[in-house]
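Quick notes on the structure that follows.
Please read these numbers as outputs of a predicted model, since none were measured by experiment.
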Amino acid sequence: QLQLVESGGGFVQPGGSLRLSCAASGATLDNYAVGWFRQVPGKEREGVSCITSKGGFTNYAEFVKGRFTISRDNAKNTVYLQMNSLKPEDTAVYYCACARTSWAAMDVAEFAYWGQGTQVTVSS
């Protein structure tokens with residue numbers, strides 16, 4: 001069964017950068033869209049970015065556009081989220097998720113498989 005494991009989270013100062021990784025096991029990712037979502041206490045999980053199965057198309061939430069970049073290396077069965085110019089409001093648990101289709105809307109309901117999340121804290 002497909003399993004997803006996020007890594008790369010941590011503590012950074014405002015304006016700093018982090019690179020999150022989503023490593024898959026149990027199945028390959030090359031036929032599936034993958035998304036990044038985030039959640040803070042008291043709020044619903046929200047979409048951050050998603051990428052189609054072969055990496056041809058990407059989508060970003062307005063609040064990260066121009067700062068974050070999603071990419072994938074299907075040979076490594078891994079998806080990445082490069083996070084630059086981080087703001088305190090980016091603080092959240094970040095989740096990697098995989099859809100059952102090659103493309104998907106950036107909506108929680110579109111994604112069937114989820115990692116455990118990795119904490120990102122942006123603070124001075």
Take a 6.0 Å sphere around CD of Glu89 and say whether it holds more than 12 heavy atoms from other residues, nucleotides or ligands.
yes
same_hphob_cluster(Leu86, Val40) at 4.5 Å side-chain heavy-atom cutoff:
no
Minimum heavy-atom separation for Cys98 to Leu4, with atom names?
N-CD1, 3.7 Å
Rounded to the nearest 0.5 angstrom, the OG1-CZ distance for Thr69 and Arg19 is 11.0 Å
Can we call the ring centroids of Phe111 and Phe37 under 6.0 Å apart?
yes
Under a 3.5 Å distance rule, please check whether Glu6 uses its side chain to pair with a backbone N or O of Gly117 as donor and acceptor.
yes
Value rounded to 0.5 Å, distance of OG in Ser49 from CE in Met106
6.5 Å
In short, Ala61 meets Gly47 closest at the heavy-atom pair CB-O, 3.5 Å
Heavy-atom closest contact (Ala27 atom, Leu2 atom, distance):
O-CD1, 3.9 Å
For Ser53 and Asn31, does a side-chain donor sit closer than 3.5 Å to a side-chain acceptor?
no
Closest non-hydrogen contact found for Trp103 with Thr52 is CB-CG2, 3.7 Å
Considering all heavy atoms of both residues, which atom of Ala33 and which atom of Ala104 are nearest to each other, and what is their separation?
CB-N, 3.8 Å
Can you pull the salt bridge (Lys or Arg N to Asp or Glu O under 4.0 Å) pairs that have at least one residue in residues 48-72, sequence neighbours excluded?
Glu62-Lys65, Arg67-Asp90
Distance col, row Ser17:OG vs Met83:CE, nearest 0.5 angstrom, shows 9.5 Å
Decide if atom CD of Gln3 counts as having more than 12 heavy atoms of other residues, nucleotides or ligands within a radius under 6.0 Å.
no
Under 4.5 Å between side-chain heavy atoms, hopping through other hydrophobics if needed: is there a path connecting Leu20 to Val48?
yes
Residue pair Gln116, Val5: steps toward the side chain to side chain contact (heavy atoms under 4.5 Å, CB included) verdict
CA-CA 7 Å; Gln116 84 290 343; Val5 179; 4.1 Å; yes
Among Tyr80, Tyr95, Trp36, find the residue that satisfies the side-chain contact (heavy atoms from CB on, under 4.5 Å) test when tested with Cys22.
Trp36
Joint hydrophobic cluster, Val12 plus Leu81, side-chain heavy atoms closer than 4.5 Å
yes
Check against side chain to side chain contact (heavy atoms under 4.5 Å, CB included), Ile70 and Val79:
CA-CA 7 Å; Ile70 190 170; Val79 177; 4.1 Å; yes
Reported OG1-to-CD distance for the pair Thr91 and Gln119, which is rounded to 0.5 angstrom:
7.0 Å
So Val93 and Thr118, do their side chains get closer than 4.5 Å, heavy atoms only?
no
In short, Leu18 meets Val120 closest at the heavy-atom pair CD1-CG1, 3.8 Å
Side chain to side chain contact (heavy atoms under 4.5 Å, CB included), that's the test. Do Glu46 and Gln39 meet it? Break it down for me.
CA-CA 6 Å; Glu46 63 182 357; Gln39 189 169 26; over 6 Å; no
More than 12 foreign heavy atoms under 6.0 Å from OH of Tyr113: is that the case here?
no
Parallel, tilted or perpendicular: rings of Tyr94 and Phe68 (30°, 60°)
tilted
Spell out, as yes or no, whether a donor-acceptor pair under 3.5 Å connects the side chain of Asn77 to the backbone of Ala24.
yes
Interatomic distance, CG@Asp73 vs CG@Asp30, rounded to 0.5 Å, equals 11.0 Å
Interatomic spacing from CD1 in Ile51 to CZ in Phe57 - rounded to 0.5 Å:
11.5 Å
